[in-house]
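Just so it is clear, the values below take in all heavy atoms, side chains as well, and ignore hydrogens, waters and symmetry mates. Numbers for residues simply follow the sequence, beginning at 1.
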Amino acid sequence: MAFLGQDRRFLWVNAALAEMYGRPATDFVGSSVTEVWPAVDAARAEAALQQVLTQGRAAMETFAPGAVGVGGVGAGAQLGQRIFHWFGVHTDDGTLSGAGLIVIVGGTGPATEEALRRSEERYRALVQGGAQITWVASPDGEMLEDSTEWRWITGQTVAEFLGNGWLESIHPEERERVERDWRESLRTGRIFEERFRMRTRGGGYRHYDVRAVPIERDGKIAEWVGACTDVTSQREAEEMRHRLTDQLSAAALRTARLQQATAMLAEALDVEQVVEVITEVGRTAIGALRSAVALLEDDKLGLRVVNPSGLAPTGSDGAGVRLTLDTPSVMTRAIATRRPVLIADPEELRKQFEPDAGADAASGTVGGTVSGTARPVLDTGDEQAWVGLPLLAAGMPLGALRFSFRTPRTILEEERVFLEALAGQCALAVERAEMYEKEHTAAVTLQRSLLPDELPSVRGLVLDARYLPRSTEVGGDWYDVFRLPDRRLAVTVGDVMGKGLLAAAGMGRVRNALRALALTDPRPAAVLAGLDRLFTATEREEQVTTITYLVIDPETGEGQAGNAGHPPTLLLTPGALPVLDGAEAGTPLGWASPRRQHAFRLPPGSTAVFYSDGLVENRRRGLDAGLDELVRVAASAPEDQADAPGRLLQYLLDHMLAGHEQDDDVTVLVMHVPHDAGIPRIAGTEHTWSSR
């Protein structure tokens with residue numbers, strides 16, 4: 001055996017071939033056939049290499065028994081018949097990289113015949129073990145010999161297989177192409193390679209890859225030898241991979257649609273805009289025919305369809321169409337069960353509503369009855385499949401979202417998950433829009449509900465707080481003081497940027513999350529880090545929120561504090577000038593940064609003032625200037641006010657806001673440790689609901 005490169009020089013030979021020509025194997029590597037073989041052998045080898053490397057066709061040369069004509073074994077030695085088989089060697093991607101050579105040397109007689117018989121048996125066992133079908137065809141393409149493997153797969157008889165009968169087992173859609181390509185290979189002598197479906201004896205089809213090469217003798221094609229390999233499993237795996245890829249692409253598209261809906265809903269101010277976004281995104285994402293949203297009316301007894309065009313065009317449907325909760329519909333069923341209702345076809349629709357239905361043989365309708373009159377199910381017309389999804393807020397129904405399809409349709413699991421997520425977004429957006437529409441009348445009540453009615457009475461501390469809104473519009477300032485399980489006290493002041501219910505909702509989420517986090521792990525660094533995670537999961541990036549948070553032991557006045565972008569705490573100590581807490585403030589919530597905490601101490605007679613930026617910053621006064629002014633105002637406060645948090649608080653408000661138009665909410669929380677700490681005191685809590 002030997003291998004030669006494209007340059008027709010030996011890359012490797014085995015010991016038997018080297019010995020046959022009486023040379024060491026090292027003489028061959030890097031040499032051409034003309035350099036190491038006798039002239040006759042080299043000339044025929046060059047012709048064979050030309051055919052293999054330039055035409056892509058295998059070649060075979062037969063040498064009669066006789067002397068090799070060179071040294072070594074061939075030095076006058078007589079060898080039996082030598083058959084040289086030349087063939088192309090290809091890389092994994094099918095590129096021709098060189099030529100291979102197999103030389104069979106042997107005599108004639110029983111020993112040779114027995115060796116050939118054993119070789120044939122081994123070859124046949126190898127082919128059968130490899131699940132391949134082998135066949136031999138004449139130069140004109142007709143099958144010359146029987147192929148039991150082929151007939152075992154296809155069920156053809158010998159007569160049906162021989163000649164051109166084998167083509168009858170090829171799938172009709174591919175038969176013409178296969179025959180055309182086969183005839184072209186016969187004409188050109190090029191290797192025949194195809195993939196086709198072959199009919200099995202059971203009537204099904206399996207996928208096969210076929211490769212046939214021409215066998216030449218004396219420069220002419222004597223026959224074709226081919227092999228078919230069953231690649232059905234590979235083909236099915238490829239198809240499965242393509243299906244999974246398509247599903248992943250569809251899932252990515254649906255995720256993008258949800259993100260798009262989130263962004264668009266952020267701009268929607270009323271219910272109609274919300275419905276327009278949700279129905280359009282959902283309909284285009286799953287290929288629905290129509291989509292509609294119905295909301296519960298205030299009396300909770302009826303439904304108002306926000307976009308009647310999303311229902312089938314029946315005669316009774318019009319602008320502002322009203323349904324009752326006992327009207328048979330996928331929307332009313334979804335509200336009643338608080339679960340998705342998936343109807344794949346009209347027959348399933350009939351079965352789903354059978355318990356509620358009254359049969360009307362004349363009209364063929366299915367629905368409830370009122371006073372003996374059949375009431376048809378609304379989800380009919382040119383629609384053939386339906387989906388109803390409840391719109392839930394805090395577990396309570398707001399209404400329902402409905403999609404319909406022109407043809408019967410089974411909703412896939414990933415589509416159901418998408419639709420439920422979309423319905424969840426729709427419910428949140430509808431709730432937000434309805435609240436926005438009622439904001440003016442609900443503002444004061446909502447703000448009061450989010451601030452403490454009173455501050456806790458704590459032994460060793462005196463607390464007072466004041467909230468001054470810019471107007472009756474809901475703002476984002478808040479404060480909170482609450483006890484922890486270990487008897488320490490949690491104190492916080494925060495500010496959510498913006499106005500209206502959006503800011504108030506964000507304030508409520510942060511306030512409630514802070515309480516929950518503090519009860520689990522009250523350390524400031526842990527609480528602020530937990531709020532960061534909340535913002536990453538639920539809040540918009542543009543929703544800036546700052547907060548200062550303190551945990552203090554009332555008995556010792558010692559604790560730990562943390563700050564997320566909030567103005568620094570003002571500290572007043574007897575016998576010293578007021579100062580701002582020098583600890584570095586972190587970034588606002590949701591902006592990635594390591595959260596830190598620092599020691600905080602209020603000795604007897606000391607006071608800490610927590611506040612929002614509305615106290616120190618306005619259109620005419622920047623933040624830095626406002627902080628400097630706060631320190632000066634606190635330093636000028638009368639001494640008798642240092643032990644009276646309520647009077648100190650009012651003094652700061654009067655002097656900091658004097659001469660300035662209040663253009664933001666103002667929140668101030670004062671915490672004082674009296675000299676005679678140990679007596680529980682609370683100065684009071686005041687919410688002033690009018691502009692200054």
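Without hydrogens or angle criteria, S185 side chain to G189 main chain gives no donor-acceptor distance under 3.5 Å. Put simply, the side chain of R23 gets close to the backbone of V36: a donor and an acceptor are under 3.5 Å apart. Within the 3.5 Å criterion, the main-chain N or O of D181 finds no donor-acceptor partner in the side chain of E184. Side-chain N or O atoms of Q51 include none that pairs as donor or acceptor with a backbone N or O of G56 at under 3.5 Å. Of the possible polar contacts, none joining the R57 side chain to the T188 backbone as a donor-acceptor pair under 3.5 Å is found. The backbone N or O of Q352 lies less than 3.5 Å from a partner atom in the side chain of R333, making a donor-acceptor pair. Side chain of R175 to main chain of L167: a donor-acceptor pair is present (N/O by atom type, distance under 3.5 Å, no hydrogens or angles). A donor-acceptor distance shorter than 3.5 angstrom exists from the side chain of R44 to the backbone of T62, with no hydrogens or angles considered. Between the side chain of N307 and the backbone N or O of S291 there is at least one donor-acceptor pair closer than 3.5 Å. Not a single donor-acceptor pair under 3.5 Å links the side chain of Q55 to the backbone N or O of V52.
For E176, the CD atom counts as loosely surrounded, since its 6.0 Å shell holds 12 or fewer non-hydrogen atoms of other residues, nucleotides or ligands. Within a 6.0 Å sphere centred on CG of D218, other residues, nucleotides and ligands contribute 12 heavy atoms or fewer. No more than 12 heavy atoms of other residues, nucleotides or ligands sit less than 6.0 Å from atom CH2 of W152. Summarising the local packing, CZ of R190 is surrounded by 12 or fewer heavy atoms from other residues, nucleotides or ligands at distances under 6.0 Å. Surrounding CD of E420 are more than 12 heavy atoms belonging to other residues, nucleotides or ligands, all under 6.0 Å away. Atom CZ of R339 has 12 or fewer heavy atoms from other residues, nucleotides or ligands within 6.0 Å. Heavy-atom neighbours of R406 CZ from other residues, nucleotides or ligands within 6.0 Å: at or below the threshold of 12.
The side chain to side chain contact (heavy atoms under 4.5 Å, CB included) test applied to T54 returns R8, Q50, not counting sequence neighbours. Under the ring-ring contact (aromatic ring centres under 6.0 Å, His included) criterion, F196 pairs with no residue, sequence neighbours left out.
Side-chain contact between V544 and W591 is present, with at least one heavy-atom pair separated by less than 4.5 Å. Inter-residue side-chain proximity for S31 and W37 is flagged as unmet; no heavy-atom pair is nearer than 4.5 Å. The side-chain heavy atoms of V341 and V387, taken from C-beta on, include no pair separated by under 4.5 Å. A 4.5 Å side-chain heavy-atom check between R82 and I104 finds every atom pair outside the cut-off. Side-chain atoms of L49 and L4, non-hydrogen and from C-beta on, do get closer than 4.5 Å to each other. Between T26 and P24 there is a side-chain heavy-atom pair separated by less than 4.5 Å. The shortest distance between side-chain heavy atoms of W224 and I215 does not fall below 4.5 Å. A heavy-atom distance below 4.5 Å is not found between the side chains of E216 and M60.
Note: H207 NE2 to H171 NE2 = 9.0 Å, rounded to the nearest 0.5 Å. One distance of note links OG of S138 with CE of M143; it measures 9.0 Å at 0.5 Å rounding. Taking OG1 of T229 as the reference point, atom OH of Y208 lies at 9.0 Å (rounded to 0.5 Å). Residue R595 holds its CZ atom at 6.0 Å from CG of L589, rounded to the nearest 0.5 Å. To the nearest 0.5 angstrom, R151 atom CZ is 9.5 Å from E149 atom CD. With values rounded to the nearest 0.5 angstrom, S404 atom OG is found 4.5 Å from L289 atom CG.
Nearest heavy atoms, G100 versus V89: N-CG2, 3.5 Å. For the residue pair L186 and P139, the shortest heavy atom distance occurs at CD2-O, 3.6 Å. When all heavy atoms of R283 and F403 are compared, the closest pair comes out as N-CE2, 3.6 Å. Looking at every heavy atom in both residues, V210 comes nearest to C228 through CG2-SG, 3.6 Å. Nearest heavy atom pair, residue A212 against residue I191, reads O-CG2, 3.3 Å. The two atoms that bring A58 and P214 nearest to each other are CB-O, 4.0 Å, heavy atoms only.
Under a cutoff of 6.0 Å and an axis angle of 45°, R409 and F405 form a cation-pi pair.
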### Task
Please report the C-alpha distance between L162 and V158 in whole Å, then the side-chain angles of each, then the deciding distance to 0.1 Å, and finally whether the side chain to side chain contact (heavy atoms under 4.5 Å, CB included) criterion is met.
CA-CA 6 Å; L162 293 177; V158 175; 3.7 Å; yes
### Message
Please evaluate residues Y21 and D27 with respect to the criterion side chain to side chain donor-acceptor pair (under 3.5 Å), reporting the C-alpha separation (whole Å), side-chain torsions for both, the decisive distance (0.1 Å), and the verdict.
### Response
CA-CA 11 Å; Y21 284 102; D27 286 357; over 6 Å; no
### Query
Going through the checks in order, is the side chain to side chain contact (heavy atoms under 4.5 Å, CB included) test met by E194 and R177?
CA-CA 10 Å; E194 276 289 348; R177 170 181 56 81; 2.4 Å; yes
### Task
Start with the C-alpha gap between L391 and V293, add the side-chain angles, then the distance that decides, and say whether side chain to side chain contact (heavy atoms under 4.5 Å, CB included) holds.
CA-CA 9 Å; L391 302 180; V293 173; 3.9 Å; yes
### Task
Go through the steps for L96 and Q6 under the test side chain to side chain contact (heavy atoms under 4.5 Å, CB included), then give the verdict.
CA-CA 8 Å; L96 183 66; Q6 286 276 18; 4.0 Å; yes
### Step-by-step salt bridge (charged side-chain N to carboxylate O under 4.0 Å, His left out) determination, E223 to R217
CA-CA 9 Å; E223 59 188 9; R217 298 189 183 94; 3.7 Å; yes
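Of the N and O atoms on the side chains of T232 and D230, at least one donor lies less than 3.5 Å from an acceptor on the other residue. With no hydrogens or angles considered, no side-chain donor-acceptor pair links S169 and T154 at under 3.5 Å. Q156 and E168 are not linked by any side-chain donor-acceptor pair at a separation below 3.5 angstrom, with hydrogens and angles left out of the test.
Using a 4.0 Å cut-off between a side-chain N of Lys or Arg and a carboxylate O of Asp or Glu, E174 and R195 do not qualify as a salt bridge. Between R416 and E413, at least one side-chain nitrogen of the basic residue sits less than 4.0 Å from a carboxylate oxygen of the acidic one, meeting the salt-bridge criterion.
Taking the six-membered ring for Trp and thresholds of 30 and 60 degrees, W166 and W150 have ring planes more than 60 degrees apart, a perpendicular arrangement.
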